[in-house]
Protein chains: 2
Amino acid sequence: MANLRHRAIETNALDHDAVCKTCWAKTLSFCEPHHTESLRGFFDSATCLKVNPGTVFIHDGAKFPYYFNINRGATRSFKILPDGRRQILSFGFPGTLIGLSQYSNFEFNIEAINEVSLCRFSKDKVDYYSNKHPELRKSLMERMIYELSESYAHAVALGKMSARERLAYFLIKQNKADYKIYGQLNKVTLPMNRYDISDYLGVTTETISRTFTQFESEGLITFIKSSEIILRDRRRLATLAAGAIAASPAW
Amino acid sequence: MANLRHRAIETNALDHDAVCKTCWAKTLSFCEPHHTESLRGFFDSATCLKVNPGTVFIHDGAKFPYYFNINRGATRSFKILPDGRRQILSFGFPGTLIGLSQYSNFEFNIEAINEVSLCRFSKDKVDYYSNKHPELRKSLMERMIYELSESYAHAVALGKMSARERLAYFLIKQNKADYKIYGQLNKVTLPMNRYDISDYLGVTTETISRTFTQFESEGLITFIKSSEIILRDRRRLATLAAGAIAASPAW
DNA sequence: CGACTAATTGATACGAATCAAAAGCGGTGG
DNA sequence: CCACCGCTTTTGATTCGTATCAATTAGTCG
């Protein structure tokens, strides 16, 4: 592991008691159910990292043998096409496990949106402990199933939905994440900017902006500021997000 | 497992020697590396099925505890939106493993395109044997990694590519599959119809048809019949498919 | 408070959808 | 063997949603 591209990352050995017991993402993470004495060695082998905003910490084609669990902050994973077009594949939040699809032929980048803190687990260690503790690999598989189904839902949005529906889908999804992580009920906090949203939803920033304005004038949402939104009519948004309203609003 | 919705399926216990040793998809399947004496019980627990063309054999929300491995034929998995829009998420071919994301909250259907033959493995059995033979669960994870990366690539196509690029992406992908399965080099055989292709690529049949015609007149492909295509310029198609040509052809 | 970047709003263009019709293809039966 | 029917695919004319280009406004930081 020479030539690690981790310049922007500070590394500290993880002290199980100090880090895990105060972990933000504890109840959201794959590792949570495995805090047993026999897996202590597994946790002690992990490392705690910090990544600065805007830093790409996983690079196209770089095969480093780690899983990362997000404890704090938000990430975007994306593919850049040769001419510069960018498709965001997913956003990562506390509890998101990174590195699952690392050894596939599909390569992409992951970048910190704001300041991100991560736990790093060596794949070898995961493998080693998984063979003794099959529940561990099962937890990973469950994470992966989640990623896969999220990706399918994303494909449905990108393939079949209008701009309105895509944005509603995004808001509802984001709202669910916010609820799980921060316990926020009808408020959505957006760590990403409009470019990120548009590159995630396969439309332009202008369209995102116009659609936000539409939603506000229809009473579906209210802006606190451009990155904080109150969902005024979660029901209707969810209906839109499910693709249950064919064309323009008939109300 | 009362009320199995498997009416259209004939079921036969799998005879390891008879079925596996003549299996079409052998070298392509997750089970291939595990034909050892100690896993004999695992294979003997499997069942061989046949599904008729057009039969939906996995239904939205039906949680039956099986994995299916395709031996022969082709499938489409898809999501139907409330108003009838259909997004095809993936096509299955010999070697495709079905049921990986079954217990997620994202529900979809899988349908036989032509006559399909499958091996059915109970999830319990897979779990049981996976705990003794970690390589088995590893094989499943590798399959899942593959599905996930395919889904990401699909999202890139749907989110950022033009109709031309999407179709090129589809042809190249299909060509790779055909090569792996049937050893065909520059020929692509399409078991699915134009509606399937359009619902996979998030465009209309008309656009698919027009783009095929364009490709033919540009010398990129030649039709043998509407479901058999020769790739005349795989290189240029691959370039298109990679999103490396920004707008309309500049040649 | 001014400078820079992000977000919104406006005018126009374009790619793909939609609506409509013709051509091709496979199966059936006289 | 060919005529006819239904379904799939292709081609054509027009519409529409979103992209693009351009400018203004809001927000952030030194």
Side-chain angles (χ1 to χ4, degrees), chain A residues 53-54 76 81 83-87 113-114 157-168 170 188-217 221-229 240 243 245-249, chain B residues 53-54 76 81 83-87 113-114 157-170 190-218 221-229 240 243 245-249:
Chain A
R76 52 187 164 236
L81 295 183
D83 64 350
R85 282 173 285 177
R86 181 184 71 159
Q87 177 64 46
I113 292 177
N114 41 31
L158 294 175
K160 279 273 119 64
M161 289 187 175
S162 68
R164 283 174 65 85
E165 291 171 321
R166 291 182 202 199
L167 189 56
F170 173 75
V188 177
T189 309
L190 304 173
M192 69 292 284
N193 61 31
R194 297 289 188 265
Y195 280 97
D196 292 334
I197 300 174
S198 69
D199 282 349
Y200 179 69
L201 295 177
V203 293
T204 59
T205 36
E206 293 94 328
T207 298
I208 294 293
S209 197
R210 281 184 242 275
T211 310
F212 267 137
T213 308
Q214 266 185 50
F215 281 0
E216 191 167 30
S217 71
I221 60 173
T222 307
F223 279 96
I224 298 176
K225 45 180 200 163
S226 77
S227 63
E228 273 178 43
I229 303 172
L240 249 183
I245 301 170
S248 48
Chain B
R76 52 188 163 235
L81 296 182
D83 65 349
R85 281 173 285 176
R86 180 184 72 159
Q87 177 64 46
I113 292 177
N114 41 31
L158 294 175
K160 280 272 120 64
M161 289 187 174
S162 68
R164 282 174 65 85
E165 290 172 321
R166 292 183 201 198
L167 189 57
Y169 156 77
F170 173 75
L190 305 173
M192 68 293 284
N193 62 30
R194 297 290 189 264
Y195 281 97
D196 291 333
I197 300 173
S198 68
D199 281 349
Y200 180 69
L201 295 178
V203 293
T204 58
T205 35
E206 291 95 328
T207 298
I208 293 294
S209 196
R210 281 185 242 275
T211 309
F212 266 137
T213 308
Q214 266 184 48
F215 281 1
E216 191 167 30
S217 71
E218 288 168 19
I221 59 172
T222 307
F223 279 97
I224 297 176
K225 45 180 199 164
S226 76
S227 63
E228 272 178 43
I229 303 171
L240 249 183
I245 301 168
S248 47

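Source: prediction; values computed, not measured. Every chain is numbered from 1, with letters handed out A, B, ... down the list of sequences.
Atom NZ of B:Lys160 is separated from atom P of C:dG15 by 17 Å (rounded to the nearest Å). Across the protein-nucleic acid pair, A:Met161 atom CE and C:dA17 atom P stand 17 Å apart, rounded to whole Å. Atom CZ in B:Phe223 sits roughly 15 Å away from atom C1' in C:dA23 (whole-Å rounding). Rounded to whole Å, the distance from CZ on B:Arg194 to P on C:dA16 is 18 Å. Between B:Leu167 atom CG and D:dT9 atom C1' the separation is 14 Å, expressed in whole Å. D:dT9 atom C1' lies 14 Å from atom CG of B:Asp196, rounded to whole Å. As a whole-Å value, the separation of B:Ile229 CD1 from D:dT10 C1' is 14 Å. Rounded to whole Å, the distance from CZ on B:Phe212 to C1' on D:dT8 is 14 Å.
One distance of note links CZ of B:Phe212 with OG1 of B:Thr205; it measures 12.0 Å at 0.5 Å rounding. Note that CD of A:Gln214 and OG of A:Ser209 are 11.0 Å apart. Values are rounded to the nearest 0.5 Å. For the atom pair OG1 of A:Thr213 and CZ of A:Phe223, the computed distance is 7.0 Å after rounding to the nearest 0.5 Å. To the nearest 0.5 Å, atom CG of residue B:Leu201 and atom CE of residue B:Met161 are 10.5 Å apart. Note: B:Glu218 CD to B:Leu240 CG = 8.0 Å, rounded to the nearest 0.5 Å.
Evaluation of the salt bridge (charged side-chain N to carboxylate O under 4.0 Å, His left out) rule for A:Glu216 yields no partner, not counting sequence neighbours.
The side-chain heavy atoms of A:Ile197 and A:Leu167, taken from C-beta on, include a pair separated by under 4.5 Å. Under the 4.5 Å side-chain criterion, counting only non-hydrogen atoms from C-beta, A:Ile208 is not in contact with A:Tyr200. Taking the side chain as every heavy atom from C-beta outward, A:Ile229 and A:Phe215 never approach each other to under 4.5 Å.
B:Pro191 and B:Asn114 make their closest contact through CB-ND2, 3.7 Å (heavy atoms, listed as atom of the first residue, atom of the second, distance). Here the shortest heavy-atom pairing between A:Val203 and A:Arg166 reads CG1-NH1, 4.1 Å. The shortest non-hydrogen separation linking A:Ser226 to A:Leu190 is O-CD1, 4.4 Å.
A side-chain donor-acceptor contact under 3.5 Å links A:Thr211 to the backbone of A:Thr207.
Helix bend of the helix from C:dC1-D:dG30 to C:dG30-D:dC1: the angle between its two end axes, each built from five pairs, comes to 30° after rounding to 10°.
The stretch residues 199-211 of chain A comes close to DNA chain D through A:Gly202, A:Val203, A:Thr204, A:Glu206, A:Thr207, A:Arg210, each having a heavy atom under 4.0 Å from the strand.
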Return a single string for nucleotides 23-30 of chain D, one symbol per nucleotide in 5' to 3' order, where B is base contact, S is sugar-phosphate-only contact and - is none, cutoff 4.0 angstrom on heavy atoms.
--------

Please tabulate, one pair per line, each protein N/O and nucleotide N/O from nucleotides 14-16 of chain D that are separated by under 3.5 Å, including the distance.
none

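Residue pairs that meet the salt bridge (Lys or Arg N to Asp or Glu O under 4.0 Å) test with at least one member in residues 191-213 of chain A, sequence neighbours left out, are A:Arg76-A:Asp196, A:Arg86-A:Asp196, A:Arg86-A:Asp199, A:Asp199-B:Lys160.
Side-chain proximity of A:Asn193 to C:dT8, C:dA7, D:dT9: nearest is C:dA7. Checking C:dA16, D:dT10, D:dT9 against the side-chain heavy atoms of B:Ala163 singles out C:dA16 as nearest.
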